[in-house]
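Here is the structure we will look at, set down as structure tokens.
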Amino acid sequence: MIAPSSVLNSFSLKQYTGANTNSVTLQEPGENYLYVTNGNLNNIAVVALTGTNVGDQVTGLIPLDGIRTR
């Protein structure tokens with residue numbers, strides 16, 4: 001199923017370019033953090049979740065410089 005072009009054209013992702021998000025994961029239940037791997041930035045963004053779907057913010061970046069994963 002593809003969204004109608006009128007819906008797709010109403011969204012702009014320009015402000016989100018450059019991070020190249022590879023994956024996301026939630027912390028254990030009861031903890032309110034989302035971890036986002038950013039390939040082009042070589043880090044993990046830590047996002048504090050408010051539970052309201054409004055105002056969630058990146059609260060930190062964990063650098064991965066020199067760390068290799070398989």
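Please read all numbers here as calculations on a predicted model, not as lab measurements.
Clustering ILVMFWY residues whenever any of their side-chain heavy atoms sit less than 4.5 angstrom apart, transitively, puts V47 in the very cluster that holds L61.
The two residues A45 and V58 come nearest to each other via the heavy atoms CB-CG1, 4.3 Å. Here the closest non-hydrogen pair linking V46 and Y33 is CG1-CD2, 3.7 Å. When all heavy atoms of P63 and N43 are compared, the closest pair comes out as CA-CB, 4.1 Å. Considering all non-hydrogen atoms of both residues, T25 and L34 come closest at O-CD1, 3.4 Å. For the residue pair A48 and T59, the shortest heavy atom distance occurs at CB-CG2, 3.5 Å.
In this structure, the separation between CG on N42 and CD1 on I62 is 12.5 Å, given to the nearest 0.5 Å.
Side-chain atoms of D56 come within 3.5 Å of backbone N or O of T50 as a donor-acceptor pair.
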